Amino acid sequence: MARTALVTGGSRGIGAAISHALKDAGYTVAATYAGNDEAAAKFTEETGIKTYKWNVADYDECTAGIAAVEADLGPIDVLVNNAGITRDAPFHKMTKDQWDQVIGTNLTGVFNMTHPIWPGMRERKFGRVIIISSINGQKGQFAQVNYAASKAGDLGIVKSLAQEGARFGITANAICPGYIATDMVMAVPEKVRESIIAQIPTGRLGEPEEIARCVVFLASDDAGFINGSTISANGGQFFV
Ligand code: CAA
């Protein structure tokens with residue numbers, strides 16, 4: 001029977017590419033989204049992938065949403081924590097609300113999504129937890145104290161879950177995308193974006209599909225010995 005994968009923020013950007021790629025690889029896929037009903041409806045129409053609306057920053061919404069997905073599609077074998085937001089500002093201008101929003105979605109959201117799914121993975125002795133972190137969680141970034149902290153925190157989650165899940169056949173890994181051609185990166189002022197591209201040895205932004213292929217590999221049985229790892233996919237912009 002096909003395994004079931006749940007992708008948060010799975011109807012747009014990198015998440016949409018991940019949903020597509022997992023479906024192409026034979027998974028039954030569900031995608032969550034937070035707000036853009038129109039994009040989600042279009043995505044479902046084009047791909048046949050079911051979409052579910054909830055806020056990953058809210059634990060109760062996650063619990064209820066996950067139960068609905070599992071009732072529709074069966075137990076979740078692969079969880080891709082992809083949902084993420086930016087609220088960029090230099091630190092002296094960053095508000096508490098900007099901090100809370102980014103930590104709530106990018107870091108607490110990973111807890112909220114993984115915590116209700118984890119016991120079932122332990123019982124079934126199989127699971128794949130994949131977190132989409134960021135190059136900026138590895139190196140920090142001007143105007144992203146909140147985002148860099150959340151994405152660095154995600155790496156701590158992965159390394160800890162890897163140790164807890166290993167004996168239950170669960171792996172937890174992270175991917176750190178560099179700058180990928182998505183709405184999030186396109187929202188960066190053009191001059192800043194050009195200066196970023198100049199720092200990428202490959203000489204271009206990444207494509208969402210280049211991240212999706214990493215996810216498909218980490219989700220597979222072939223990747224069973226890879227646990228607690230971070231794959232950097234950034235065109236050579238930063239080495240850990
Ligand atoms: N390094 C050093 N200095 C910088 C800088 C940088 N990267 N960016 C801006 N500055 C400087 C400016 O030149 C300016 O200096 P002066 O005051 O001397 O002119 C100062 O910092 C602050 O400028 P502003 O007061 O104009 O700042 P602002 O409040 O208008 O904020 C900004 C502007 C939010 C920083 C905007 O420039 C921006 O969005 N920058 C991009 C940040 C970024 O790279 N975000 C990544 C988004 S993509 C992503 O997150 C996906 C991923 O995972 C990779």
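Counting starts at 1 for both ligands and their atoms, in listed order. Predicted, not measured: the structure shown is a model, and the values here were computed from it.
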Note to self: Is atom 54 (C) of ligand 1 touching the protein, meaning some protein heavy atom lies under 4.0 Å away?
What the structure shows: yes
Checklist line | Atoms of ligand 1 close to Val188 [distance to a heavy atom under 4.0 angstrom, numbered from 1] | finding: 41 (C), 47 (C)
Note to self: List ligand 1 atoms under 4.0 Å from Ser134, heavy atoms only on the residue side.
What the structure shows: 52 (C), 53 (O), 54 (C)
Notebook entry, point to check: Does the protein put any heavy atom within less than 4.0 Å of atom 48 (S) of ligand 1?
Noted result: yes
Notebook entry, point to check: Quick one: nearest non-hydrogen protein atom to atom 33 (C) of ligand 1, plus distance?
Noted result: Pro90 CD, 4.7 Å
Next item on the list: Scan the protein's non-hydrogen atoms and note whether one is under 4.0 Å from atom 26 (O) of ligand 1.
Entry: no
Next item on the list: Please report the C-alpha distance between Ile197 and Leu205 in whole Å, then the side-chain angles of each, then the deciding distance to 0.1 Å, and finally whether the side-chain contact (heavy atoms from CB on, under 4.5 Å) criterion is met.
Entry: CA-CA 7 Å; Ile197 294 172; Leu205 297 174; 3.8 Å; yes
Margin query: List ligand 1 atoms under 4.0 Å from Asp88, heavy atoms only on the residue side.
Written below: 34 (C), 42 (C), 43 (C), 45 (N), 46 (C), 47 (C)
Note to self: Cys176 vs Phe238, test: side-chain contact (heavy atoms from CB on, under 4.5 Å). Steps then yes/no.
What the structure shows: CA-CA 10 Å; Cys176 283; Phe238 184 73; over 6 Å; no
Item checked: Enumerated ligand 1 atoms positioned under 4.0 Å from heavy atoms of Thr86 -> 50 (O)
Next item on the list: Indicate yes or no: at least one non-hydrogen side-chain atom of Val129 is less than 4.5 angstrom from one of Asn81.
Entry: yes
Note to self: Using every non-hydrogen atom in the two residues, find where Asn82 and Gly9 come nearest and quote the distance to one decimal.
What the structure shows: ND2-O, 3.1 Å
Notebook entry, point to check: Within a distance of under 4.0 Å, is there any protein heavy atom near atom 9 (C) of ligand 1?
Noted result: yes
Notebook entry, point to check: Looking at atom 19 (O) of ligand 1, would you say a protein heavy atom lies below 4.0 Å from it?
Noted result: no
Note to self: Could you work out, for atom 50 (O) of ligand 1, the closest of Met184, Gln144, Gln237, Lys139 by heavy-atom distance?
What the structure shows: Gln144
Notebook entry, point to check: Would a hydrophobic clustering, with Ile, Leu, Val, Met, Phe, Trp and Tyr connected at side-chain separations under 4.5 Å, put Leu79 with Tyr27?
Noted result: no
Checklist line | For Asn136, the ligand 1 atoms whose distance to one of its heavy atoms is below 4.0 Å | finding: 54 (C)
Margin query: Tell me whether Gln144 contacts the main-chain N or O of Gly140 through its side chain, where contact means a donor paired with an acceptor under 3.5 Å.
Written below: no
Next item on the list: Fit a plane to each ring of His115 and Tyr59, take the angle between them on a 0 to 90° scale, and name the class: parallel (under 30°), tilted (30 to 60°) or perpendicular (over 60°).
Entry: tilted
Check: Is there a path of hydrophobic side-chain contacts, each under 4.5 Å between heavy atoms of I, L, V, M, F, W or Y residues, that connects Phe168 with Phe225?
Finding: no
Next item on the list: For Ala83 and Asn106, work out which heavy atoms get closest and say how close.
Entry: O-OD1, 4.2 Å
Check: Val78 and Met121: same hydrophobic cluster, using ILVMFWY side-chain contacts below 4.5 Å?
Finding: no
Notebook entry, point to check: For ligand 1, which atoms, with element, lie under 4.0 Å from some heavy atom of Gln141?
Noted result: 43 (C), 44 (O)
Check: To which protein heavy atom is atom 40 (N) of ligand 1 closest, and what is the distance rounded to 0.1 Å?
Finding: Val192 CG1, 4.0 Å
Margin query: Below a 4.0 angstrom heavy-atom separation, can you tell me which part of Lys151, side chain or backbone, both or neither, approaches ligand 1?
Written below: neither
Item checked: Enumerated ligand 1 atoms positioned under 4.0 Å from heavy atoms of Gly178 -> 54 (C)
Check: Considering only heavy atoms, does Ser195 approach ligand 1 within less than 4.0 Å through its side chain, its backbone, both, or neither?
Finding: neither
Margin query: Below 4.0 angstrom, counting only protein heavy atoms, does anything approach atom 1 (N) of ligand 1?
Written below: yes
Notebook entry, point to check: Which is closest to atom 4 (C) of ligand 1 by heavy-atom distance: Tyr147, Tyr179, Phe142?
Noted result: Phe142
Note to self: Please find the pair of heavy atoms, one from Ile85 and one from Tyr147, that lie closest to each other, and give the distance.
What the structure shows: O-CD1, 3.3 Å
Margin query: With a heavy-atom distance limit of 4.0 Å, tell me whether Pro189 approaches ligand 1 through its side chain, its backbone, both, or neither.
Written below: side chain
Next item on the list: Could you tell me the residue and atom name of the protein heavy atom closest to atom 32 (C) of ligand 1, and the distance to it rounded to 0.1 Å?
Entry: Ala143 CB, 4.5 Å
Note to self: Going by a strict under-4.0 Å cutoff (protein heavy atoms only), does atom 13 (O) of ligand 1 have a neighbour on the protein?
What the structure shows: no
Item checked: Contact check, side chains of Thr28 and Thr4, non-hydrogen atoms, under 4.5 Å -> yes
Check: Atoms of ligand 1 less than 4.0 Å from Lys93 heavy atoms?
Finding: 24 (P), 25 (O), 27 (O), 28 (P), 29 (O)
Check: Under a 4.5 Å side-chain heavy-atom rule over Ile, Leu, Val, Met, Phe, Trp and Tyr, are Ile66 and Phe111 clustered together?
Finding: no
Check: Heavy-atom contact under 4.0 Å between Ala187 and ligand 1?
Finding: no
Check: What do the steps show when you test Val215 against Ile132 for side-chain contact (heavy atoms from CB on, under 4.5 Å), and what is the final call?
Finding: CA-CA 9 Å; Val215 172; Ile132 308 302; 4.0 Å; yes
